[in-house]
Every structure is written in C-alpha cells, then in structure tokens.
K.L.:
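Next up is a structure, given as structure tokens.
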2 protein chains.
Amino acid sequence: MTQSQPQTAPLSRAEGKQRSRQKLITATINSIAKRGFADTTLARVAEGAGLSRGIVNFHFRTKDALFLETLKFMSREYRECWFRALDESGPSPAEKLEAVLMAEFEPPISNRNRMAVWFAFYGEAKSRPTYMSSCTELDDIIHDTLINLCRTIIEEGDYENRNADIIAFGISSLTEGLTLDILLNTGAISLDRGKEVLRSHLQALFPKHFPITRCTGN
Amino acid sequence: MTQSQPQTAPLSRAEGKQRSRQKLITATINSIAKRGFADTTLARVAEGAGLSRGIVNFHFRTKDALFLETLKFMSREYRECWFRALDESGPSPAEKLEAVLMAEFEPPISNRNRMAVWFAFYGEAKSRPTYMSSCTELDDIIHDTLINLCRTIIEEGDYENRNADIIAFGISSLTEGLTLDILLNTGAISLDRGKEVLRSHLQALFPKHFPITRCTGN
DNA sequence: ATTTTTTTGCTGAATATTCAGCCAACTGAA
DNA sequence: TTCAGTTGGCTGAATATTCAGCAAAAAAAT
C-alpha cells in the first residue's frame, strides 16, 4: 500500500539528499523571484523547501555557494534548452537559427520568475565577478554557433554589407533585451511579442531566408 | 584666501543641504556598483559621501526612499540626455533617430557603474514594483516618440512590410540588450560596438535612410 | 533473522555579527 | 539667540553560520 504511492516511494539516502539539494535550489529561485536578492534569507529558502533552518549550510558551504549553484543550475538548464532546439530543428541554417531563437521564449526557461533571477544575478555581476564567470564559457560556445549560422546564411543568400559577427552580436543583444521585457511586463504577451520582434528582425536581415509569413497589420 | 578656493566657497544652508543630498545619491550609485545592492549599507553610503552615518535618515525617510530617489535621479538624467540629443540633432527623422540611439552610448549615462545600478534595480523589479513604476511614464513618452520616428521613416522610404510598433520595440530591446554588454564586459570597447551594431541594424531596416558609411571588414 | 554498530541526512537552538533607524548633543549660518 | 543641518553613540531586530545531537538507514555482527 505504501509502496504503491509514487510520492511515498522509498528513497535511498543518496536520492533523498539529491532531492533535498534540488529543492533548496528551486526554493532559492522562487525566493529571489518573489522577494529579491536582498531579502532572500537562508531561513526563508529552507522554509520554501520545506526543510529546517540549518539545512542550507549542510548542503552548501555558504549562502554565496548556494547562489552560485543556483546560477549554475539555471545556466545548465538554459544550455540544454538551447542545444535541444538546435538538435531537433530542421537541417538548414535558417531553420536552426529560428529554432534556437524561438526556444529562448519557451516558458520553461523564459518566465518572469526565471528572468527576475537572471537579472538579479546581472545586478550583482560587477560586484561579484565569480557569478558570471561561471557562465561565460557557455556563452562563448553558443555565440560561436550563432556566428557560424549567420555566416553560412549570408553566404547562401549573397547578402551584401552583412557582417556575421555584428549581426550575431545584435541578435544576442536583441534577445537579451526582449527578455528584460518579460521581467518588467507580464509573461505570455511578452513571449509572443518577443518572437514576433525577432522574426521581424530576421526578415529585415535575411529576406530571402525569412520571407513574410503574415503581415502583422495588428 | 578661503573664499578664493572654489571648493570652500561659502554655501547657503539650502545649497549645502542640496549638495549633501546629491552627494548621498551619488555615493549610493557608486556603492551599488561597487558592492551590489545587498552589501550597500547606509553607513557605507554616508562614508562614500564623506558624511556621517546618521545623515541618511535626515535626508531620506528610509533606506528604501534613498534607493527610490537614486533611481529617479538616474532616470531623470537619462531622460535629459535623450531629449537633449533629440533637440540638438538635425531636423530629419532619420537624423533624430540616430542621434537618440547614439546618445544612449555616451559615457555620462552609459558606463559600467550606471549599468550595474540599472540592472540591480531591474533585479529588484519583480519584488518591489514601486521601483520601476517610477520610470514607466518616462519610458512611455520615449517609446511613443520612437514609434513616431519609425513610422515617419517608413512612410518616407516606402518601406514594405515594416511595422513601426514592432521595429520601435525591437530597437528599444536591442539597445537594452547592448547595455547589458556594457555591464558584463569592459566599458569603452562595448560602447563602440554598441553603436556599430545599432547602425548596422538601422542599415538593414532602412537602407535608403542609412546608407553604408564604411564596410567594417574587421 | 535479529541485534548491534556505524553512518549520515537533518534539526533547531545558540552565537556573533551586521545594520537600519533613533536620538541627544553639537555647530555654524541666519 | 535660534534652529536647520549634522554628528556619532546606541539599540533592537534580523541573520549567516556553527554545532551538539536526533533518528532513520545502512552495514556489520550475532
């Protein structure tokens, strides 16, 4: 009887520990989103995870370490989403480019909670360089991929006066800026608008590859 | 002798008070940039301003009020810079558009310190809606102006399949994203790159208005 | 199988520190 | 003299971190 209930399934110690650790990271994300960086205390994180007060320092050496691991978790999740979109997309560079860009606006990784946390970390970036340096290598790989996609598209379409480096940088920045809108405004509308703006941008840059699908006369 | 030294010029009470207040706001910006939001204490702000610890609660009711006034100050400064660029630019919409966009990358308002503070506030935006709501009306005016500029340019150039709303939103987001780069990387290079990306973006959108000035072969 | 020992994830109280806000005293402009 | 602006000591509340110990799980012994 007890065995038949999934949530009461007996966990090995290692599994239980891992699950608790993950609960704490999730609770940290929720707390930062709800209360902000400054008002996120270890006690509240523990409470949010349904665990006791002293637990954080058992799983993580310090509060800072908890924050760092939380950032790493989100970073990993983001990367997985990005590369999954790349893998699952059609073979052409244009398809790939559109796929990874649209993937950025999927709710699992793009929602107000997540954005609140990302920008909270950005806000701490200058005073605590450790935080962001854990993401840069990831960003480098993604950015290189983006440049290569753009370069190929430019060659395919014989687009003149298009510099792959600058365009890739612009696309990244545009995406980043659009995610800020997700934070400052309310969720779903912003996601759709983000996709729309990005499509329109691709259209202007590479008209042969991204023909007008619909005239958004609004 | 004492009167001849500019910094020792005798100040009236009102002037002195105003100056102290401003010193505190400036010190707050510097402290948030240097230590982050969480580690910015009233004592350190006062120290940075060269004043005593108790003074903040004289000029501002609470710590939160100090933060809010700091944000308002930066917001005002930004707006002034924006509209000054608009006023001082040439008469055509294209000139105006380029002028206001380039103005965003001028060191007085765009530098790592300022960006660190902006993003720190963004990070708190979700948990403390008060902060950002003090800026939204400003953003609305600027955004409307941007839309109108884009609309006029589209009409002038008979550009097809260009939606002023979406383009204006894209330009804003792109600018926002580029400023994040100023924070995460080091200053001056990023400013130049920002301008370059933005020009390239305008070129792609409105080729008749923004002809190729130089082929950035780099 | 049963009991004993060891391991370990976890608890919650204790500690030391930090800090926002308060206030009584001080100073110099009006 | 008056009192706006300023100073810096003080306090209570909040909080990160420590730690002694609990209880369940795992391992070892019987």
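Below, chains carry the letters A, B, ... as their sequence lines are ordered, and counting in each starts from 1. Note that the structure is a prediction, hence the values are computed from the model and not measured.
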K.L.:
I want to verify a distance call: between dA20(C), dT17(D), dT6(D), whose nearest atom is closest to the H59(B) side chain?
P.N.:
dT6(D)
K.L.:
Classify the ring geometry between F206(B) and F210(B) as parallel (under 30°), tilted (30 to 60°) or perpendicular (over 60°).
P.N.:
tilted
K.L.:
Check the pair I55(A) / S20(A) against side chain to side chain contact (heavy atoms under 4.5 Å, CB included), numbers first and verdict last.
P.N.:
CA-CA 9 Å; I55(A) 193 62; S20(A) 290; 5.8 Å; no
K.L.:
D39(A) CG to dA16(D) P: how many Å, rounded?
P.N.:
10 Å
K.L.:
Looking at dT15(D), I'd like to know if its phosphate oxygens (OP1 or OP2) sit under 4.0 Å from a side-chain N or O belonging to R44(A).
P.N.:
yes
K.L.:
Please list, in numerical order, the residues of residues 48-58 of chain A that have a heavy atom closer than 4.0 Å to any atom of DNA chain C.
P.N.:
L51(A), S52(A), G54(A), I55(A), F58(A)
K.L.:
Using a 6.0 Å cut-off, check whether atom CZ of R128(A) has over 12 heavy atoms from anything other than its own residue.
P.N.:
yes
K.L.:
Rounded off to whole Å, could you give me the CZ-to-P distance for the F60(A) and dC10(C) pair?
P.N.:
11 Å
K.L.:
Atom NZ of K63(A) to atom P of dA14(D): distance rounded to whole Å?
P.N.:
15 Å
K.L.:
With each end axis built from five pairs of C1' atoms, what bend angle do you get for the helix from dA1(C)-dT30(D) to dA30(C)-dT1(D)? Round to 10°.
P.N.:
0°
K.L.:
Report yes or no: does R112(B) contribute a side-chain atom to a donor-acceptor pair with the main-chain N or O of N185(B) at less than 3.5 Å?
P.N.:
yes
K.L.:
Does V100(A) form a side chain to side chain contact (heavy atoms under 4.5 Å, CB included) with S89(A)? I'd like the steps, not just the answer.
P.N.:
CA-CA 8 Å; V100(A) 295; S89(A) 83; over 6 Å; no
K.L.:
Specify the separation, in whole Å, of atom CG of L42(A) and atom C1' of dC10(C).
P.N.:
15 Å
K.L.:
Could you tell me whether a side-chain N or O of K126(A) sits under 3.5 Å from a main-chain N or O of M115(B), the two making a donor and an acceptor?
P.N.:
no
K.L.:
Is there a donor-acceptor pair under 3.5 Å between the side chain of S173(B) and the backbone N or O of F169(B)?
P.N.:
yes
K.L.:
Please list, in numerical order, the residues of residues 20-35 of chain B that have a heavy atom closer than 4.0 Å to any atom of DNA chain C.
P.N.:
none
K.L.:
Can you find a side-chain donor-acceptor pair between Y131(A) and D64(A) that sits under 3.5 Å?
P.N.:
yes
K.L.:
How close or far is atom C1' of dC19(C) from atom CZ of F37(B), stated in whole angstroms?
P.N.:
16 Å
K.L.:
What is the distance, rounded to the nearest whole Å, between atom CD of E47(A) and atom P of dT15(D)?
P.N.:
12 Å
K.L.:
If you only use heavy atoms from C-beta on, which nucleotide in dT17(D), dG21(C), dG5(D) is closest to the side chain of T62(B)?
P.N.:
dG21(C)
K.L.:
Could you check whether any side-chain N or O of S133(A) sits under 3.5 Å from a backbone N or O of T130(A), counting only pairs where one atom can act as donor and the other as acceptor?
P.N.:
yes
K.L.:
Distance check needed: dC10(C) P versus Q18(A) CD, whole Å only.
P.N.:
11 Å
K.L.:
Does this structure show an ion pair linking R76(B) with E69(B), if we count only N-O contacts that are shorter than 4.0 Å?
P.N.:
no
K.L.:
Taking S200(B) for the side chain and E196(B) for the main chain, is one N or O donor matched with an acceptor at less than 3.5 Å?
P.N.:
no
